[in-house]
Amino acid sequence: MLYGVSYYPEHKTPEDLEHDLELLIQSGINTVRMGEFAWCRWEPKEGEFHFEWMDPVVERLGKAGIRTIICTPTACPPAWMIEKHPDILYTDNRGVVRPFGGRRHYCYNNPAYREYSRIIAEKLGEHYGANPYVAGFQIDNEPAQEGTGRCHCARCNVKFQNYLKNKYGTIEEFNRRSGGIFWSQEYTGFHQINIPVNTIEAGAMESIKNYYENPTVRLEFERFASDCQIEYQNIQEEALRKYTSYPVTTNATGLATNSIDYYKSTKTLDRYAFDLYPEMRDAEISSFPYAFARGVKDGAPFWVLEFNSGGGHRFGGSGRRQPNPGALKLAVLQSYAQGADMMLHFQFRTFPFGAEQLNYAIVDMDGVPRRRYYEMQETAALLKKLAPYQPAKFANEVAILLDYDVHWALRIKPVNDPEYHYLNFAEKVYRLLEAQGIGADVVSYDADLYKYKTVILPSAIVLPGRYRDKLKDYVARGGHLMATFLTSVKNEDNVGYTETLPAGLTDLFGVTVEEVEPIFSNNRANVKLTLGAEEMTARDRDWCDLLGGEADMIGVYTDSYKAGSGIVSAHTYGQGRAYYMGAGLEDEALRELLGYICDGASVERNPFPPVDRVQVSRRVMEDGSSLYYLLNFSGREVEIPLDRVYTDCVKDAQVDGSISIPAVGFAVLRETV
Ligand code: GAL
């Protein structure tokens, strides 16, 4: 496992640099990430390139066993460039141009900027591409971060019009598919179409209140902007690849952004890589972002290029709490257990200056190593010890399906917002499975479903025909599928299906949606669930697709005018089973329902009795033996009974009967074969 920190040699005096390098070397880490904001040093004047300030750092660290991830610096176009080409600057949805003075102030479609970016990437590739002390390349820094993924400049507008023209061919076709007749929006030429002024971008501001734009145009703009950023990324990727065979990637913002379709953007990259800043004081870190990360490249290991390093000051003035002692180590181990093969803290030593002055780091401004440094040192040693277990594979039998069109469509036209959020709901499902010892993968609609015994499809509101066919085939061949409320409501143009819902899937589920409404606090009703021999009552939530049809109703309303109507159904289709959960349910009931469905598909559970906030992840070694990571986020010591003799891989000892795991602690157990 590659483990380390981000580091900024360009900030340092020679004395500080010397001091820091010594500390880095002593810490036992093996990776640093450098350069992502250093363009003005690499190319201080147009066409004049300088690497001599960085080379000795890369070499010195490399000789001590620390390899460098070299980043292209394109998050920060330098002042000379903006002076020469002010049209590079980014324009937001309100038409406000970001002036030079922050970061990410560029339009990813600007041809001059694309060319400058290609050149600097190529120069870096040429210079570092074969350097033995380099471990890989990062393109840019958090593309689309801080509301920079939806440029609205005039050039983007024209490019968007051309994108639509290419896709739809004729304006009549576009008008027809997008419902242009609505509010008299039939265009007579593509040049009349505007980029929507309202945006769903994380962190962006609403432009005009109560202005409702065409949902097809809006979804197309999301796809277009995502594609343009992928195009921009690929220009740099190609430039680097001319000179290097090291892995090339970029650091995504995990689930935090809605701006780039990572399934698409990561296709040509060697790794999915992302940044994560979870709360670490008395807190359980959700493993859902890791499951998502693992799913992006079909289960391949992923990188965490930035991860918390501690607390103190932060952007925006709120500050961040310090992690409990031990929490950094536990968090790093969690990422490793979940499939990371690189994890880097952001960042090594607190900045005295710049927009991120005083912010958290492993070492404080004075450069004195304290508890977070020593914990990083211990973590580095632990990872070395656990290296033989890294190749262990995942063998989850359940998949949760996610899709960007669905995510975007549900933000463009939200449903019971803020109560219901697509990604939060998917995460809840994931965690309710995890809480009963069932590990799940999170994958795209294009993933291979046949290796899973159970597939969960949350709110697939946009569901094109090809996916409907795929789901039917999966069930027909013996798969167990649970879809939820809001399945197959709209086509890929983000336009409603006019067939009975779930459109095209009424035969698969054996249900028809008879009526729909959001579930607020004042219209909740009780549902009786019959799960085999068990019966339970639960309140609904989120949304209600009231069901009719021939399927067995395993959930039925017991009060309000809905009494007697079906809300959760089960249906045999071919060799498999298809379940439709028409409403959200309280956590306990949802957990039981998921467990019931998984049991019906013979999904295996972990052999340990579930303990609240103790996460277990299972990997499988080459010899077939199971390896379990037990991560204690509960804040107290726990005693876990064992079903057999295990090897404690950290203590190199056999354990039998039970194992006690300290608060903010962990155990790594291997089945003794
Ligand atoms: C990330 C960013 C880093 C740094 C960090 C917060 O989003 O990539 O450069 O700003 O946040 O300290």
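Both ligands and their constituent atoms are indexed starting at 1 by order of listing. What you see below is based on every heavy atom in this structure, not just the backbone, and it leaves out hydrogens, waters and symmetry mates.
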Report each N/O pair between ligand 1 and the protein that falls under 3.5 Å, naming both atoms.
residue: ligand 1; atom: 7 (O); partner: E142; partner atom: OE1; Å: 2.5
residue: ligand 1; atom: 7 (O); partner: E142; partner atom: OE2; Å: 3.0
residue: ligand 1; atom: 7 (O); partner: Q145; partner atom: NE2; Å: 2.9
residue: ligand 1; atom: 8 (O); partner: N141; partner atom: ND2; Å: 2.9
residue: ligand 1; atom: 8 (O); partner: E142; partner atom: OE1; Å: 3.3
residue: ligand 1; atom: 8 (O); partner: E142; partner atom: OE2; Å: 3.3
residue: ligand 1; atom: 8 (O); partner: E306; partner atom: OE1; Å: 3.0
residue: ligand 1; atom: 8 (O); partner: E306; partner atom: OE2; Å: 2.8
residue: ligand 1; atom: 9 (O); partner: R103; partner atom: NH1; Å: 2.9
residue: ligand 1; atom: 10 (O); partner: R103; partner atom: NH1; Å: 3.3
residue: ligand 1; atom: 10 (O); partner: R103; partner atom: NH2; Å: 2.9
residue: ligand 1; atom: 10 (O); partner: E356; partner atom: OE1; Å: 3.2
residue: ligand 1; atom: 10 (O); partner: E356; partner atom: OE2; Å: 2.5
residue: ligand 1; atom: 12 (O); partner: E356; partner atom: OE1; Å: 2.6
residue: ligand 1; atom: 12 (O); partner: Y360; partner atom: OH; Å: 3.0

Are [Y] and [X] an aromatic pair, judged by ring center distance below 6.0 Å?
X    : Y    : answer
F49  : H127 : no
F351 : Y8   : yes
F307 : Y277 : no

Checklist entry - Which pairs, with at least one residue in residues 256-268 and sequence neighbours excluded, count as a salt bridge (Lys or Arg N to Asp or Glu O under 4.0 Å)? => result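 Non-adjacent pairs meeting salt bridge (Lys or Arg N to Asp or Glu O under 4.0 Å): D227-K264.
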
Next on the checklist: Please evaluate residues E231 and K159 with respect to the criterion salt bridge (charged side-chain N to carboxylate O under 4.0 Å, His left out), reporting the C-alpha separation (whole Å), side-chain torsions for both, the decisive distance (0.1 Å), and the verdict.
Outcome noted: CA-CA 13 Å; E231 231 173 57; K159 193 166 171 176; 2.7 Å; yes

Item to check | Backbone of L240 reached by a side-chain donor or acceptor of T244 within 3.5 Å | outcome: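 No; zero donor-acceptor contacts below 3.5 Å.
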
